[in-house]
Amino acid sequence: MSSLTTYLRTQVRRVVLARVNRGGIDLSKLDRVPATLSWPLQRNGVDPVERLSELREREPIAKLTSFLGINIWMVTGDAEARAVLADTKSYSNDIRPLMGSRGSTTDGDIGGLGFTDPPEHTALRRLLTPEFTMRRLERLRPRIAAIVEGQLDEMESSATDGVVDLLPTFAFPVPFLVICELLGLPDEDRETFRQLGSARFDVTYGGQGTFGAVSGSRRFLMEATRKQRSAPGEGLIGQIIREHGDEITDFDLAGLADGVFTGGLETSASMLALGTAVLLDHPDDYRAVANDAAAVERTVEELLRYLSVVQVSFPRFPKHDVQIADRTVSKGDVVICHLAGANRDPRQGRGMEGFDPGRTPTSHLAFGHGFHRCVGAALARIELGVAYPALARRFPGLELAAGAVNYRPTSIVYGAESLPVRLAPATATAS
Ligand code: HEM
């Protein structure tokens, strides 16, 4: 038995080496992400599995597994994760050599900010940053408030016997409509985008599902970008074409739009769904966000930390041997920072496993850290800061319906499949 296992391992290693020599390990050919890699993405309700805190206590940087002959490191300590994420000299984010291609501009390939290194990353991010300044985003605030109110109306009108699923009526459409506005996407494209966005982060189906969806959404955005070349729209894509059209190819612009779309949709949707579930478990905090601006700010930050919906960072690829704490990672290894784990590191303060908006605020890693830190952080804060209070004002008696949260398994962005809520007291008053 063990000799058979050894034989198979050797063969797999040979195949991998052959692929490396030919120009890339084709992760998209894998059927299923193995359990040794996916267990850190599992949770009990909103809490990371206990095994994760045990690992952090023992080894804040640990070799998780060796997969296809590649050492995969998991960083669960706060200080260690910050050290990795801040160190752009020692790590690359460029995943293309692992994707079975080498960064050609064929459609199927992926780029975008998260998988790009300087100087390309610097140039692309510089195009995007002006669209995300507080001044420009503040102009979106009234539009966001109107989108939120529209979805609250929809929750009310879609309820059956006072019960409605918060996911399709509120948590998804709010960030979805905000991003479509931001990008300037036409109405007819919106449903396709919605489906591509949610398939992308589900690793249950292995490389094929995850990376297949990446290719699909990229192709779609290439088309949208091409159309806007001749008739630039009002949103971000049109704005960049107008101001920097000569400096950027359709492929790179579609990659940027893709990063914005997928970066902003699933993440904010999960925050709205899971954040609401947490607040309904803490009715005093739910009531407090209705009208108290200071409570809103504290609660949003604590929810971001506590939920850490982006569970892990993009993979980092060491360019040479790097010492992190007492470990050395080598060129050819893969380093993944577990943001949810780091955000509950007890070395950051007491009671980090629990939800407490009253705690002295600590800086968290929910938006990442350093060079690749979330470009949409300010937009996400505005969305959440508008949506939770509006929900609490419209439905002060909102409660989780029986059966409650249906959590999504093993997703890089943790979330819920459905969240049935009872509007009862609010609708009772209204009718
Ligand atoms: C609560 C909501 C959000 C969370 C928790 C979140 C989280 C993150 C995290 C953790 C990263 C860094 C990953 C890494 O360094 O490996 C990131 C990057 C990014 N996010 Fe967000 N994000 C959110 C909302 C948004 C929104 C609304 C947008 C855009 C509209 C967005 C666009 C991006 C982009 C483009 C990047 C790549 C930045 C780069 O590599 O330079 N995100 N996000």
Side-chain angles (χ1 to χ4, degrees), residues 75 81-82 84-88 91-95 110-118 120-129 131-133 136-137 140 144 171 174-185 197 201 221 235-237 252-275 300-317 334-343 364-388 411-415:
V75 185
R82 282 172 200 270
V84 172
L85 297 174
D87 184 356
T88 40
Y91 301 93
S92 164
N93 267 42
D94 193 347
I95 200 176
I110 71 172
L113 282 179
F115 301 106
T116 312
D117 289 337
E120 204 184 341
H121 175 269
T122 323
L124 290 175
R125 184 143 175 155
R126 206 172 282 148
L127 294 181
L128 213 49
T129 320
E131 307 296 326
F132 288 92
T133 56
R136 287 219 188 162
L137 293 178
L140 263 185
I144 295 174
V174 168
F176 179 71
L177 293 171
V178 171
I179 307 262
C180 287
E181 292 266 330
L182 186 84
L183 290 179
L185 292 179
F201 290 102
L221 282 159
L236 182 149
I237 296 177
D252 284 340
L253 182 47
L256 270 191
D258 192 23
V260 166
F261 170 71
T262 44
L265 176 62
E266 199 79 16
T267 48
S268 309
S270 290
M271 277 304 301
L272 287 175
L274 299 184
V300 166
E301 285 316 301
E302 176 64 352
L303 284 172
L304 284 162
R305 179 201 71 81
Y306 178 63
L307 292 169
S308 297
V309 294
V310 176
Q311 308 212 69
V312 291
S313 68
F314 297 117
R316 264 47 177 192
F317 308 103
V334 176
V335 181
I336 296 170
C337 295
H338 202 296
L339 304 174
N343 275 341
H364 59 72
L365 295 177
F367 290 120
H369 179 66
F371 217 56
H372 286 277
R373 187 176 178 280
C374 180
V375 79
L379 176 60
R381 285 184 167 122
I382 295 178
E383 269 182 67
L384 301 175
V386 168
Y388 296 132
S411 256
I412 292 167
V413 179
Y414 192 63

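Each ligand, and each atom within it, is numbered from 1 in the order the structure gives. Values below: all heavy atoms of this structure, side chains included; hydrogens, waters and symmetry mates excluded.
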Problem - Phe314 and Phe115: CA distance, side-chain angles, deciding distance, ring-ring contact (aromatic ring centres under 6.0 Å, His included) verdict - result: CA-CA 8 Å; Phe314 297 117; Phe115 301 106; 4.9 Å; yes
Considering only heavy atoms of [X], which atoms of ligand 1 have at least one such atom less than 4.0 Å away?
| X | answer |
| --- | --- |
| Arg125 | 38 (C), 39 (C), 41 (O) |
| Leu339 | 10 (C) |
| Leu379 | 30 (C) |
| Gly114 | 40 (O) |
| Val260 | 29 (C), 30 (C) |
| Leu304 | 1 (C) |
| Ile179 | 30 (C) |
| Arg316 | 14 (C), 15 (O), 16 (O) |

Please examine the side chains of [Y] and [X], heavy atoms only from C-beta on, and report whether any two atoms are closer than 4.5 Å.
| X | Y | result |
| --- | --- | --- |
| Leu85 | Arg316 | yes |
| Phe317 | Asp94 | no |
| Leu236 | Leu128 | yes |
| Gln311 | Val413 | no |
| Leu253 | Ile237 | yes |

Handout entry: By side-chain hydrogen bond (donor to acceptor under 3.5 Å, both in side chains) - contacts of Glu383 (at least two apart)
Key = none
Practice task
Quick one: name the protein N/O/S atoms under 2.8 Å from atom 21 (Fe) of ligand 1, chain by chain.
Solution key: Cys374 SG
Counting non-hydrogen protein atoms only, what is the nearest one to [atom]? Give residue, atom name and distance.
| atom | result |
| --- | --- |
| atom 1 (C) of ligand 1 | Met271 CG, 3.5 Å |
| atom 37 (C) of ligand 1 | Leu113 CB, 4.0 Å |
| atom 12 (C) of ligand 1 | His372 O, 3.5 Å |

Practice task
Could you list the residues that satisfy ring pair (Phe, Tyr, Trp, His ring centres under 6.0 Å) with Tyr414, not counting sequence neighbours?
Solution key: Tyr407
Exercise for the section: Answer with yes or no whether Phe115 contacts ligand 1, where contact means a heavy atom under 4.0 Å from a ligand atom. Expected result: no
Practice task
Tell me, yes or no, whether the heavy-atom count around Arg126 atom CZ, taken from other residues, nucleotides or ligands under 6.0 Å, exceeds 12.
Solution key: no
Handout entry: Any donor-acceptor N/O pair, Ser268 side chain to Leu265 backbone, under 3.5 Å
Key = no
Handout entry: Backbone of Asn93 reached by a side-chain donor or acceptor of Asp117 within 3.5 Å
Key = yes
Practice task
Closest by any non-hydrogen atom to atom 10 (C) of ligand 1: pick that one out of Ala366, Gly275, Pro315, Ser313.
Solution key: Ala366
Exercise for the section: Under 4.0 Å, heavy atoms only, figure out whether ligand 1 is touched by the backbone of His121, its side chain, both or neither. Expected result: side chain
Problem - Glu301 and His364: side chain donor to acceptor below 3.5 Å - result: yes
Handout entry: Where at least one partner belongs to residues 174-185, residue pairs that pass side-chain hydrogen bond (donor to acceptor under 3.5 Å, both in side chains), sequence neighbours excluded
Key = Arg143-Glu181
